[in-house]
Amino acid sequence: MIFHSTQLAFREVLEALSFPGKINLVDECPYDMSPLISQTGLVCMTLLDSEVTFHVSDDNNEITKTLHAYTGSHTIEASKADFIILPLSSSMGVILNKLEQANIGDLVRPHKSATIIFEVESLQSGFKYDLKGPGIKGTNFLKCTVQPEILKKRNEINKEYPLGIDMIFIDLQGNVVGLPRTTQLTEVI
Amino acid sequence: MSKFPFAFLDEQSKKEIRRAVLKGVAIPGYQVPFASREIPIGRGWGTGGLQITLALVGQNDVLKVIDQGSDESVNAENIKKLVQKTTGIETTIHTSEATLIQSRHRIPEVPLRSDQIMILQVPEPEPLRHVERSEFKTKQMHAEKEYSGAYLLLFEQIMRYGQTSEGADYPVYVHNRYVMNPSPIPRFDNPKIHQSDALVLFGAGREKKIYAVPPYTNVESLAFDDYPFEVEAFEGKACKATGLTNVFLDEFTDEETGETYYLCNDTSYMQEYLEQKRGI
């Protein structure tokens, strides 16, 4: 039953955001969510409904239609969206552009900021980043295929804590890593 | 079959609570507003904690519910039964067996692990409420990190009594940004939230707020350089049943002799300790 799947997915995402850098595994979505990674579909079904809005970064309306059909959530421009979904096919330029536009909340309502659901190739290999902050005992690290330029942009956006964006990464194997705005990230060269 | 949905709440209510929990984790100590649904216990009786529990709970969870250190109080029993009857999950009194621990007024004596989640019931989430009645204004104060009012309250207590008189719900600074009410746990439990291995969630049903302290987060009790924070002292006192001194104690009076004695407040810990001692 889907509500057991979404409950489990929620707990994986909660753990991922509570322990930034920790790799959690989400189950496949019982429905066909392609071209999204199946697990991205399940995470979207867990968090989206008609009370929130979303934006998909590419021009492919297929994903937008699928997400609307399964969740009842409405699409809106990136700057106003509660959730921004960046499918694997998104180009670097598009990603940087959408992050730039993302809502970072305001000082009275920092929780009104966007959550980024970010599809990546791998969360186990690639560039290496050091992580520090709440949820991390000492330091942790993240190895992923996300380009340093993108995470540099993320750091820039999050420089005025408590304003900022929170990110949920999902890779092709269904691994999930959370990166809340509190995490200080530096590239290891 | 039960005519209620799994874990009582409908899926849309759970989604809303889950989103609030995630934002709470991302902004430690910040009070995230949420809709707070009607549930079959009165507001002010743990509805905030219960709604978080219901939004989190799954088929593999094991639930422990405590009310001021006791697993067997009416309130704890009823909450446990409601969750149990609508989910079919196991419940326990043993802290180490639980995956979710909902509590009113205490954090267990047994240290929590990173695979456990602590859910505290909150009557008043706003640490500045005694200073400012308007929610609109307190939100602004949090936005501006304007916490002189919170310190002023403690200062006035020191001027009047020579020490801070805030017993339970002693305010804390979270991640050096937000001042937060830790719910009415004794000061004795405040240090347990600092750099805790477990995620701690707070739910205020009546006041419609959810907030969180992620694991390994700095949590500092408010204090002054010349009046440092102190936990309750139980010098020279010990639990009558176990002899333990490093726990939070309740004071009792023997009705026949009039003698004062002390017992562990965390009754399940006391029971575990005694059973182990007797080799059960």
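Each chain gets a letter, A, B and so on, in the order the sequences are listed, and its residues count up from 1. Values in this document were obtained by computation on a predicted structure and should not be read as measured data.
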Taking side chain as everything from C-beta outward and backbone as N, CA, C, O, which of these in [X] sits under 4.5 Å from a heavy atom of chain A? Side chain, backbone, both or neither.
| X | answer |
| --- | --- |
| B:Ile17 | neither |
| B:Arg18 | both |
| B:Ala55 | backbone |
| B:Glu11 | side chain |
| B:Ser196 | neither |
| B:His142 | neither |

Give a yes or no on whether [X] atom [atom1] has more than 12 heavy-atom contacts from other residues, nucleotides or ligands under 6.0 Å away.
| X | atom1 | result |
| --- | --- | --- |
| A:Glu77 | CD | yes |
| A:Glu28 | CD | no |
| B:Glu220 | CD | no |
| B:Glu97 | CD | yes |
| B:Lys145 | NZ | yes |
| A:Glu149 | CD | no |

Which heavy-atom pair separates A:Val108 from B:Tyr30 by the least distance, and what is that distance?
O-OH, 3.2 Å
Please report the interatomic distance [atom1]([X]) to [atom2]([Y]), rounded to the nearest 0.5 Å.
| X | Y | atom1 | atom2 | result |
| --- | --- | --- | --- | --- |
| A:Arg109 | B:Lys23 | CZ | NZ | 14.5 Å |
| B:Asp115 | A:Phe19 | CG | CZ | 8.5 Å |
| B:Glu16 | A:Glu51 | CD | CD | 6.5 Å |
| B:Arg19 | A:Thr115 | CZ | OG1 | 9.5 Å |
| B:Leu22 | A:Ser18 | CG | OG | 8.0 Å |
| B:Lys14 | A:Asp49 | NZ | CG | 13.5 Å |

Would you say the side chain of [Y] lies within less than 4.5 Å of the side chain of [X], judging by non-hydrogen atoms?
| X | Y | value |
| --- | --- | --- |
| A:Pro134 | B:Tyr216 | no |
| A:His111 | B:Pro33 | yes |
| B:Gln12 | A:Ser50 | yes |

Considering only heavy atoms and a distance below 4.5 Å, find which of [options] pairs most often with chain B.
| options | answer |
| --- | --- |
| A:His4, A:Glu15, A:Arg181 | A:His4 |
| A:Val52, A:Val13, A:Ile2, A:Asp106 | A:Val52 |
| A:Gly133, A:Gly135, A:Gly72, A:Pro180 | A:Gly135 |

Only heavy atoms, only distances under 4.5 angstrom. Which residues in residues 165-179 of chain A are near chain B?
A:Asp166
Any sub-3.5 Å donor-acceptor pair from B:Lys15's side-chain atoms to A:Leu48's backbone N or O?
yes
Check each atom of [X] against the heavy atoms of chain B and say whether the ones under 4.5 Å are side chain, backbone, both or neither.
| X | result |
| --- | --- |
| A:Leu47 | both |
| A:Phe3 | both |
| A:Ser113 | both |

For the candidates [options], which exhibits the highest count of non-hydrogen atom pairs separated by less than 4.5 Å from chain A?
| options | answer |
| --- | --- |
| B:Pro28, B:Ala212, B:Pro214 | B:Pro28 |
| B:Lys139, B:His175, B:Gln31, B:Gln195 | B:His175 |
| B:Asn60, B:Val32, B:Val57, B:Asn218 | B:Val57 |

Might you work through the side chain to side chain contact (heavy atoms under 4.5 Å, CB included) test for B:Leu199 and A:Leu14, ending with a clear yes or no?
CA-CA 10 Å; B:Leu199 167 66; A:Leu14 175 61; 3.9 Å; yes
Let me see the working for A:Leu107 and B:Gln140 under side chain to side chain contact (heavy atoms under 4.5 Å, CB included), right down to the final yes or no.
CA-CA 8 Å; A:Leu107 283 169; B:Gln140 199 66 43; over 6 Å; no
Any salt bridge linking B:Asp61 with A:Arg11? Criterion: basic side-chain nitrogen under 4.0 Å from a carboxylate oxygen.
yes
